**Student:** 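Have a look at this one.
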Amino acid sequence: MTSSNAEPDPADLTFADLQIHPAVLKAVADVGYESPSPIQAATIPAMLEGSDVVGLAQTGTGKTAAFAIPILSKIDTESRNTQALVLAPTRELALQVAEAFGRYGAQLRVNVLPIYGGSSYVPQLAGLKRGAQVVVGTPGRVIDHLEKGSLDLSHLDYLVLDEADEMLQMGFAEDVERILADTPEYKQVALFSATMPPAIKKITAKYLHDPVEVTVKSKTQTAENITQRYFLVSYPRKMDALTRLLETEQGDAMIVFVRTKQATEEVAEKLRARGFAASAINGDIPQAVRERTITQLKDGTIDILVATDVAARGLDVERISHVVNFDIPHDPESYVHRIGRTGRAGRSGTALLFVTPRERHLLGAIERVTRQKLVESELPSVDDVNEKRVAKFRDSITDALDKPGIDLFRALVEGYERDHDVPMADIAAALALQSRNGEEFLMTEPPPEKRRERPDRGDRSDAPRKPRERRSDLATYRIAVGKRHKVAPGAIVGAIANEGGLHRSDFGHITIKMDHSLVELPAKLPGNTLKALQNTKIQGQLIQLQPDRGPKPHRGKPPTK
DNA sequence: AAAAAAC
């Protein structure tokens, strides 16, 4: 093996200094990148020269661009053949890599196709038929297409094995060999792996020819822009600990890692009941829903993702400022990947870890792998939390002072003061108390009647229209969970808002009944919302949202007594 | 110990 160091002298090296295709260079500049990261500086020239590459690199080092840029630079856009195949261990990673190829190849006439399980064959077959020069996929579905005859790798020029150690650990060794058997001998191979166990060395020796070895040197395996702390927390105290941190930490979005699929739902629900915009993600959640959840995390519809290790790798959402290891990972490698979800794109990040007393030995394992001593921290005290709450209370007053309705209320308060001779502070305190209790003490003028001007149905006010006392744009939906399941209204609003992409202001009244609940939602739900909501669970119960058709003959079972 | 990945 020849060897080259990842940091020759990266001082002023720019992408323009590398011999990459002008169209790719333009796309890279459009994305806002100027100078290559160490792994890019080493990998791009090697791959452009035609060498095989072994990259020992963590995620977050820019390794996707390191192979995408040279491959795109050399791809033959005149040919429709599949010339490049990237294999990745998880669907999310495959999708992210495909998106990266799309970004860097935006100025080229190149078709990039992600191929993975859980998503429809139709677009994949169509894409393959049309001709995708770059295919990015997970091993299972790639083999599926090979066996169907819909994917032809006989003209493959470039093969990338991304996160090779992970693919092996997940039992894909045979699958990878099966795929490799369908590729020509002359292809160029790049293998990236966070670690170099013997099994990876064996694959390297077998399939790579005189590879250039690229190692990203760093003192520790974890990025320096991520602050890491841990807390000793007993198992039953974890939820309380998380809540305290959520109330005191300054940040944008958060990902909370738990150990089991079931726990993702439980923790997400508890967070929603506490008023946080949280969603669960795990391998049992349909792929399309997973993807929508990630989009919601990106666009700020939700702030907290509660995940199993399905989201530990590849997930690239810049606004994630915090990673919480709610359950400590048993595999220290997983810790490294999990915390790599924060501190993206040069931002700083915070990684927090809950350790129960009996899990201390796992902490030691993590410290060995990261070659870093983790700092123990104290959880925020009740006083700390309350201090934040007081600050929030004060800020909310400052905010409200600027709001348009303030004049009306000022006049009301002045009137009250005149009539009752009570100090202003007492009045303000009483109002604050009311507002905390959520009491609506003033009726507001309803918005001007729009019904008559609305041409949507062509009908006039005399048309048959169900009399509705409340907002006419709302309809009542019945959901299967009720008091028996001990669901808080907040949990219902949260689940429906998150799963259905609705805003809290879209909701009308919620009535929790014994064996079902009634919730008012927009009468016309967009697109597939109703369908999506029918698959939503609260505390393991399908909510089974249905438009309510009034009292039903079957009144459910009589209350158990 | 669990999760991930092909129908």
Side-chain angles (χ1 to χ4, degrees), chain A residues 59 85-98 113-125 128 135-151 153 161-179 182 193-194 235 238 255-268 280-291 293-294 305-315 323 325-338 340-341 353-356 358-363 365-366 369:
Chain A
T59 48
L85 173 68
V86 182
L87 290 178
T90 66
R91 298 167 181 177
E92 270 75 15
L93 181 60
L95 185 61
Q96 308 252 1
V97 170
L113 189 67
I115 280 191
Y116 47 78
S119 58
S120 168
Y121 282 97
V122 179
Q124 294 182 9
L125 291 170
L128 287 168
V135 168
V136 185
T138 45
R141 186 58 76 89
V142 167
I143 289 181
D144 201 0
H145 279 290
L146 284 176
E147 283 170 358
K148 274 189 157 66
S150 42
L151 175 62
L153 296 178
L161 301 174
D162 200 5
E163 311 226 342
D165 49 351
E166 197 51 32
M167 276 200 283
L168 251 57
Q169 207 188 312
M170 284 167 64
F172 285 142
E174 268 183 38
D175 290 355
V176 169
E177 299 219 21
R178 156 80 182 80
I179 294 164
D182 271 33
S193 191
Y235 189 81
K238 282 184 180 182
I255 178 160
V256 177
F257 282 104
V258 295
R259 200 166 50 89
T260 64
K261 291 186 273 199
Q262 199 190 342
T264 61
E265 310 269 9
E266 287 166 3
V267 173
I281 193 166
N282 65 55
D284 280 353
I285 299 206
Q287 187 60 28
V289 179
R290 286 196 228 169
E291 282 161 28
T293 303
I294 302 297
L305 187 69
V306 187
T308 58
D309 276 330
V310 69
R313 288 152 206 278
L315 188 74
V323 169
N325 283 278
F326 191 88
D327 295 318
I328 189 169
H330 283 243
D331 170 15
E333 283 299 328
S334 167
Y335 176 83
V336 176
H337 286 288
R338 286 177 176 190
R341 296 318 100 213
L353 168 65
F354 292 167
V355 185
T356 66
R358 61 166 56 180
E359 290 169 340
R360 282 218 189 122
H361 66 287
L362 294 168
L363 183 65
I366 288 172
V369 167

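Naming: A, B, ... by sequence-line order, numbering from 1 per chain. Being a predicted model, the structure only gives us computed values, none of them experimental.
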**Student:** Measure from CG on A/Leu87 to C1' on B/dA5 and round the result to the nearest Å.
**Tutor:** 13 Å
**Student:** In whole angstrom, what separates A/Ile281's CD1 from B/dA3's C1'?
**Tutor:** 13 Å
**Student:** Would you mind reading off the distance between A/His145 atom NE2 and B/dA5 atom P, rounded to a whole angstrom?
**Tutor:** 16 Å
**Student:** What's A/Asp175 touching, base or sugar-phosphate or nothing? Going by heavy atoms closer than 4.0 Å.
**Tutor:** nothing
**Student:** Any idea which of B/dA6, B/dA1, B/dA4 is nearest the A/His330 side chain?
**Tutor:** B/dA1
**Student:** In whole angstrom, give the distance that lies between atom CE of A/Met170 and atom P of B/dA5.
**Tutor:** 6 Å
**Student:** Look at the side chain of A/Lys261 and decide which nucleotide, out of B/dA6, B/dA5, B/dA3, has an atom nearest to it.
**Tutor:** B/dA3
**Student:** Is any side-chain nitrogen or oxygen of A/Arg91 closer than 4.0 Å to OP1 or OP2 of B/dA4?
**Tutor:** no
**Student:** Donor-acceptor check, side chain of A/Arg91 to backbone of A/Gly117, threshold 3.5 angstrom: yes or no?
**Tutor:** yes
**Student:** Can you tell me if the side-chain N/O atoms of A/Thr138 get under 4.0 Å from OP1 or OP2 in B/dA6?
**Tutor:** yes
**Student:** Hey, does A/Gly118 reach any base, or is it just sugar-phosphate, or nothing, if we go heavy atoms under 4.0 Å?
**Tutor:** sugar-phosphate
**Student:** What is the separation between atom CG on A/Leu315 and atom P on B/dA4, rounded to the nearest whole Å?
**Tutor:** 14 Å
**Student:** Under 3.5 Å, is there a donor-acceptor pair between the side chain of A/Asn325 and the main chain of A/Leu353?
**Tutor:** no
**Student:** Taking atom C1' of B/dA4 as reference, at what distance in whole Å does atom CZ of A/Arg290 sit?
**Tutor:** 9 Å
**Student:** May I ask you to evaluate whether A/Thr308 reaches the phosphate of B/dA4, defined as a side-chain N or O under 4.0 Å from OP1 or OP2?
**Tutor:** yes
**Student:** Indicate, with a heavy-atom threshold strictly under 4.0 Å, whether A/Tyr121 touches base, sugar-phosphate, or nothing.
**Tutor:** sugar-phosphate
**Student:** Is any side-chain N or O of A/Lys148 closer than 4.0 Å to OP1 or OP2 of B/dA6?
**Tutor:** no
**Student:** List in chain and number order the residues that pass side chain to side chain contact (heavy atoms under 4.5 Å, CB included) with A/Gln124, two or more places apart in sequence or in another chain; answer none if no residue qualifies.
**Tutor:** A/Ile115, A/Ser119, A/Arg141, A/His145
**Student:** In this structure, how many angstroms lie between the P atom of B/dA5 and the CD1 atom of A/Ile179, rounded?
**Tutor:** 15 Å
**Student:** Have a look at A/Pro89 and say if it touches a base, only the backbone sugar-phosphate, or nothing, with a 4.0 Å heavy-atom cut-off.
**Tutor:** sugar-phosphate
**Student:** Test side-chain hydrogen bond (donor to acceptor under 3.5 Å, both in side chains) on A/Gln287 and A/Glu291; report intermediate values, then the result.
**Tutor:** CA-CA 6 Å; A/Gln287 187 60 28; A/Glu291 282 161 28; 2.8 Å; yes
**Student:** Do the side-chain N or O atoms of A/Arg358 get closer than 4.0 angstrom to the phosphate oxygens (OP1, OP2) of B/dA1?
**Tutor:** no
**Student:** Got a sec, which residues hit side-chain hydrogen bond (donor to acceptor under 3.5 Å, both in side chains) with A/Thr260, two or more places apart in sequence or on another chain?
**Tutor:** none
**Student:** Roughly how many Å is it from CG in A/Leu168 to P in B/dA3, rounded to a whole number?
**Tutor:** 22 Å
